[in-house]
There are 2 protein chains.
Amino acid sequence: MQFTKAEEYGIFGVMYLATQPKGKVTPLSEISENQHVPEKFLAKIFQSLCRSGLVRSHRGVKGGFTLGKTSDKITVKEVIESIQGPYYISKCLMEPPAGQSPAMLSLRKFLERAQGSLLKVFSSHTIKDLTDWQD
Amino acid sequence: MQFTKAEEYGIFGVMYLATQPKGKVTPLSEISENQHVPEKFLAKIFQSLCRSGLVRSHRGVKGGFTLGKTSDKITVKEVIESIQGPYYISKCLMEPPAGQSPAMLSLRKFLERAQGSLLKVFSSHTIKDLTDWQD
DNA sequence: AGCCCATGCAATTCACAAAAGCCGAAGAAT
DNA sequence: ATTCTTCGGCTTTTGTGAATTGCATGGGCT
């Protein structure tokens, strides 16, 4: 429901994969070490990223993760919503508007507008934009 | 650091005052009852709103609150930031950028852009906009 | 004086974020 | 086949902040 450590770490992880040589399989331990992120926490996050296809997992010795598609095709919004589900700026937008007070309906209308503005930024930036900014 | 019940209730409270006859002093109990908000919680919120001058308090019998300025002069951003201080889309924007990792600096750049987009919506809508939408 | 209502602080409950741990499954190397 | 490595998924713990409640205080009206 908000931008937390999980999303932060997830983006770092995907960014790291994006800067690795194409085809290289990178284990969690390497990502964790380089980006200073708790490994087990990162593992949980990458499970979600894997399920949504943003990254691909490879088990066994010399296993690890690779990107599911090129970094310029992965938007920040995709990463965020893979990890925590649909993004809501406020809890009250999660509940259906039926039977709510006039003041609430009015506030919802406003919040939806604000949220739309935010999601537009989320979906118009890719991981490649972020890694490019790193230099 | 995020859009919570406190901000929600605060906006409801100010909206309610905005719909009352000009000059009327409205006690918390009335606002609480009409907007279905816990009275003590609302009291705390209104302390902040009072300190920042958005509402004016009147003590004693027949006391209560009035608006500090007309509702078309009160932006949503003012209400939010009165209640919870500066609005940050993410915790990591609260800390100074000095000495952070390249990935973090890159993410900050992105988050600042997203946050700016959001604050623009917050500051370009007033309480009057919200009460007008109620009809 | 007595009542009413805001003020301010303390305490509590509750939910969720953040992290750590454990055991199992899959796959490669030998 | 066995062993080692790495992900998979579940459970539990810890920490933090949201959301509330309670009480004692103080100012103003009648």
Side-chain angles (χ1 to χ4, degrees), chain A residues 1-13 17 24-33 35-66 68 80 82-85 87-92 94-95, chain B residues 1-13 17 24-33 35-66 68 80 82-85 87-92 94-95:
Chain A
M1 195 216 54
Q2 110 230 34
F3 205 96
T4 65
K5 291 270 176 197
E7 288 84 56
E8 188 179 308
Y9 293 162
I11 289 174
F12 287 169
L17 287 185
K24 178 190 169 193
V25 177
T26 309
L28 277 178
S29 56
E30 182 182 335
I31 306 175
S32 164
E33 192 171 329
Q35 301 285 14
H36 311 100
V37 167
E39 184 172 340
K40 283 304 294 182
F41 197 5
L42 196 60
K44 184 146 100 182
I45 295 166
F46 265 63
Q47 282 179 34
S48 309
L49 295 175
C50 187
R51 269 192 285 270
S52 62
L54 296 183
V55 302
R56 206 184 310 269
S57 82
H58 307 266
R59 300 219 252 193
V61 180
K62 291 275 174 187
F65 291 90
T66 53
I80 294 174
S82 294
I83 296 172
Q84 59 153 20
Y87 187 90
Y88 292 108
I89 200 183
S90 165
K91 270 185 204 160
C92 71
M94 301 173 66
E95 292 143 26
Chain B
M1 193 214 54
Q2 112 228 34
F3 205 97
T4 66
K5 291 270 176 197
E7 288 84 55
E8 187 179 309
Y9 293 163
I11 289 173
F12 286 170
L17 287 185
K24 178 190 169 193
V25 177
T26 310
L28 279 177
S29 56
E30 182 182 336
I31 306 175
S32 164
E33 192 171 328
Q35 302 286 17
H36 311 101
V37 167
E39 184 173 341
K40 285 300 298 179
F41 196 5
L42 197 60
K44 182 146 105 182
I45 295 167
F46 265 62
Q47 282 179 34
S48 309
L49 295 175
C50 186
R51 269 192 285 270
S52 61
L54 296 182
V55 302
R56 205 185 312 269
S57 80
H58 307 267
R59 299 220 250 193
V61 182
K62 291 277 176 184
F65 290 90
T66 52
I80 294 174
S82 293
I83 296 172
Q84 59 151 22
Y87 187 89
Y88 291 108
I89 200 183
S90 165
K91 269 184 204 162
C92 72
M94 300 174 65
E95 292 144 26

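In what follows, every chain begins at residue 1, and chains take the letters A, B, ... in the order their sequences are listed.
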Atom pair distance, as rounded to whole Å: NZ in A:K62 and P in D:dC7: 13 Å
Between C:dA20 (C1') and A:I45 (CD1): distance, integer Å: 14 Å
Whichever of A:P38 and B:T26 has its nearest DNA chain C nucleotide further upstream toward 5': B:T26
Nearest heavy-atom neighbours spanning B:Y9 and B:L42: O-CD1, 4.0 Å
Length of the line joining A:E39:CD and C:dG21:C1', which is rounded to integer Å: 13 Å
Length of the CD-C1' vector between A:E7 and C:dA17, whole Å: 10 Å
Donor-acceptor pair (no angle test) under 3.5 Å: B:K44 side chain, D:dT20 base: yes
Stepwise side chain to side chain contact (heavy atoms under 4.5 Å, CB included) check, B:H58 with B:T66: CA-CA 8 Å; B:H58 307 267; B:T66 52; 2.9 Å; yes
CD/B:E39: more than 12 non-hydrogen atoms of other groups inside 6.0 Å: yes
Pairing residues for A:S82 by the side-chain contact (heavy atoms from CB on, under 4.5 Å) criterion, not counting sequence neighbours: A:L49, A:S52, A:L54
Side-chain N or O of A:S29 closer than 4.0 Å to phosphate OP1/OP2 of D:dT6: no
B:K91, nearest nucleotide to its side chain (from C:dA18, D:dT20, D:dG28): C:dA18
Phosphate contact (C:dC16 OP1 or OP2) by A:T4 side-chain N/O below 4.0 Å: no
Nucleic acid contacts of residues 46-56 of chain B, taken as heavy-atom distances under 4.0 Å to DNA chain D: none
Polar pair under 3.5 Å, donor/acceptor by atom type, side chain B:K40, base C:dG8: yes
Within 6.0 angstrom of A:K24 NZ, more than 12 heavy atoms from elsewhere: yes
Side-chain donor/acceptor of B:S57 to backbone N/O of B:F65, under 3.5 Å: no
Bending between helix ends of the helix from C:dA1-D:dT30 to C:dT30-D:dA1 [5 pairs per end, 10° resolution]: 10°
Nearest heavy atoms of A:K62 and A:V25, plus distance in Å: O-CG1, 3.8 Å
Atom-pair distance (CD on B:Q2; P on D:dA18), nearest Å: 7 Å
Contact under 4.0 Å: A:Y9 side-chain N or O vs C:dA18 OP1/OP2: no
Separation of D:dA18 C1' from B:E8 CD (nearest whole Å): 13 Å
For atom NZ of A:K5 and atom P of C:dA20, their distance in whole Å: 13 Å
Atom pair distance, as rounded to whole Å: NE2 in A:H36 and C1' in C:dA19: 18 Å
Approximate separation, where rounding is to 0.5 Å, of B:Y87 OH and B:Q2 CD: 7.5 Å
Candidates C:dA6, D:dC7, D:dT20 - which lies nearest the side chain of B:F65: C:dA6
Flag, side chain of A:E33 to backbone of A:E30, donor-acceptor distance under 3.5 Å: no
B:I80 and B:F3, any side-chain heavy atoms less than 4.5 Å apart: yes
Which nucleotide in D:dC7, C:dT7, C:dA17 has an atom nearest any side-chain atom of B:S57: C:dT7
Candidates C:dA18, C:dG27, C:dA26 - which lies nearest the side chain of A:V61: C:dG27
